[in-house]
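Structure first, then comments.
Only this structure's heavy atoms are used, side chains among them; waters, hydrogens and symmetry mates stay out.
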Amino acid sequence: MSLRLTLFHMENLFLTLLFLTSTLCVSVSPYNIPAIFSFGDSIFDAGNNHFIKNCTAQADFPPYGSSFFHYPTGRFTNGRTFLSWCVNVTAQFIGIDFQIPYLEAKIAVMKGSRKSYPHNGINFASAGSGVLRGTKKEERVIPMQDQLQQFRTLVEQNLIDKSLVQKSFFFFEAGSNDIFNYFVPSNTPKPDPHAYVQAMLVEVETFVDQIYKLGASKIALFSLGPVGCVPARALLLGAPNDRCYGKMNVMVKEYNRGLESLVKHMHIKYPHAIGVYGAIYNIVQKFRANPAHYRFSDVSNACCGDGNLGGMLQCGKKGYKICSNPNGFLFWDFFHPSEHAYKLVSKALWGGRKPRIRPFNLKTLANITLQSDLD
């Protein structure tokens, strides 16, 4: 049985290498990732919202950032986010520093304190945003479409070198706010869940199409985690407190399947690009199934917040309570993971196997040199 399994894995490896060399004209070389460009919501946001006038989706107050930076940075956790940890892990091999928020860089360039935009990538993510333009519009966040336009402007005005774009990682994670908002009571009629998710996927496909046309060739689409399990579900009428909100996770899983389908067909539609799908949902569910193995003492409640599940008040708001061991909790606040959770997720995506990220991990993707990189 073990011999048959070994032969099966060897055959899969051979077919993957054959696909890479014949279809994409690639070679395997030392890491060649000069920059990371990231788009999405609070999972990635490194502080863009702090620079948006009248934006109400903020984490620029204590105790956010307290476990690592020791001051609030605009990141929605107690320390480093998933993206920060990805960069931290990646930097061990390829030497990339943290990407600063786009709006911070823009202001610095306009004031003259920076001569140019960073060469190690830019973070365009905006907490609270979604893949649908109208999601949390009232909070004055930057929707995915506007994040894309910010990047497009830099490329078209030659403020970012196009050869840099071709060699860089492009990270995308968004959609949890859209799906959570679907269950928030509203006077506006909503489509059925399937139609809503399909509308989200249309927007993501358009996004991928546009960044490819702007030069992106190494694209990572990260799935949503189990949004129906976040402590903030306590705010929703009819959502259970003793288990995850099943209806919400059904939509999440349909959306995730759509993301993976986009990745599977990426090499056909975009012949000079290669994509990977990060299965964050599966990774987080493993944490929940065996918390002690991953050094979690609590995978249900927010460390920082108040009310049922700690999910009825944002961390840092008047009346909040905070636990004594933030990194023992899966959730830092009512919606976001702790730094420890982000660290585990990022390591799984950097060097993990196919159940966690496929068709190969970020380490392998960083090793691949596309023909466009050589032109």
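For the pair I357 and L349, the tightest heavy-atom approach, listed with the atom from each and the gap, is CD1-O, 3.5 Å. Contact between V131 and A174 at its shortest, heavy atoms only, is CG1-CB, 3.8 Å. In plain terms, the two heavy atoms of P118 and A105 that are nearest each other are CD-CB, 3.9 Å. In terms of heavy atoms, G121 sits closest to A35 at N-CB, 3.4 Å. When all heavy atoms are compared, the tightest approach of Y270 to E205 is OH-O, 4.1 Å.
Q210 and T206 form no side-chain donor-acceptor contact under 3.5 Å, judged by distance and modelled atom types alone. There is no side-chain donor-acceptor pair under 3.5 Å between N78 and S66. Side-chain contact check for T364 and N361: at least one donor-acceptor pair (N or O, by modelled atom type) lies under 3.5 Å. A donor-acceptor contact under 3.5 angstrom links the side chains of T73 and R75, judged on distance only.
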Please list, one pair per line, the donor and acceptor atoms closer than 3.5 Å that link side chains of residues 187-197 to other protein atoms, with sequence neighbours excluded.
from: K190; atom 1: NZ; to: N181; atom 2: O; distance (Å): 3.1
from: K190; atom 1: NZ; to: Y182; atom 2: O; distance (Å): 2.6
from: K190; atom 1: NZ; to: V184; atom 2: O; distance (Å): 2.7
from: D192; atom 1: OD1; to: H194; atom 2: N; distance (Å): 3.0
from: D192; atom 1: OD1; to: A195; atom 2: N; distance (Å): 3.0
from: H194; atom 1: ND1; to: E254; atom 2: OE2; distance (Å): 2.5
from: Y196; atom 1: OH; to: D178; atom 2: O; distance (Å): 2.7

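Taking 4.5 Å as the limit, every side-chain heavy atom of L224 sits out of range of all side-chain heavy atoms of L259. Two residues are said to be in side-chain contact when any heavy atoms from C-beta on lie closer than 4.5 Å; P359 and V276 meet this criterion. Counting heavy atoms from C-beta outward, M200 and I179 have side chains that approach closer than 4.5 Å. In this structure, the side chains of Q150 and K106 stay at 4.5 Å or more apart for every pair of heavy atoms. No side-chain heavy atom of I283 sits under 4.5 Å from any side-chain heavy atom of L344. Using a 4.5 Å heavy-atom threshold, the side chains of Y255 and V204 count as touching. Under the 4.5 Å side-chain criterion, counting only non-hydrogen atoms from C-beta, M266 is not in contact with I274.
Ring geometry, F44 versus F171: the interplanar angle falls from 30° to 60°, so the pair is classed tilted. Classified by interplanar angle (parallel below 30°, tilted 30° to 60°, perpendicular above 60°), the ring pair F39/F170 is parallel.
Partner of D146 under the salt bridge (Lys or Arg N to Asp or Glu O under 4.0 Å) criterion, out of K137, R140, R133: R133 alone. The one candidate from F37, F207, Y212 that meets the ring pair (Phe, Tyr, Trp, His ring centres under 6.0 Å) condition with F172 is F207. Here the options are Q157, E156, Q149, the test is side-chain hydrogen bond (donor to acceptor under 3.5 Å, both in side chains), and the partner is T153; only Q149 passes.
Atoms CG and CD, on N327 and E339 in that order, are 5.5 Å from each other to the nearest 0.5 Å.
SG distance check for C244 and C229: under 2.5 Å. A distance below 2.5 Å between sulfur gamma atoms is met by C315 and C304.
Between E260 and R358 there is a salt bridge, since a side-chain N of the basic residue sits under 4.0 Å from a carboxylate O of the acidic one.
Remark: F61 engages Y64 in a ring pair (Phe, Tyr, Trp, His ring centres under 6.0 Å) (not counting sequence neighbours). The disulfide (SG to SG under 2.5 Å) check on C55 picks up nothing, with sequence neighbours excluded.
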### Task
Apply ring pair (Phe, Tyr, Trp, His ring centres under 6.0 Å) to the pair F296 and H340, showing each step before the final yes or no.
CA-CA 9 Å; F296 289 113; H340 177 57; 5.0 Å; yes
### Message
Would F76 and F335 count as a ring pair (Phe, Tyr, Trp, His ring centres under 6.0 Å) here? Give the steps.
### Response
CA-CA 9 Å; F76 281 75; F335 212 89; 9.5 Å; no
### Query
Given D41 and E173, is the side-chain contact (heavy atoms from CB on, under 4.5 Å) satisfied, shown in steps?
CA-CA 7 Å; D41 54 28; E173 189 283 336; 2.6 Å; yes
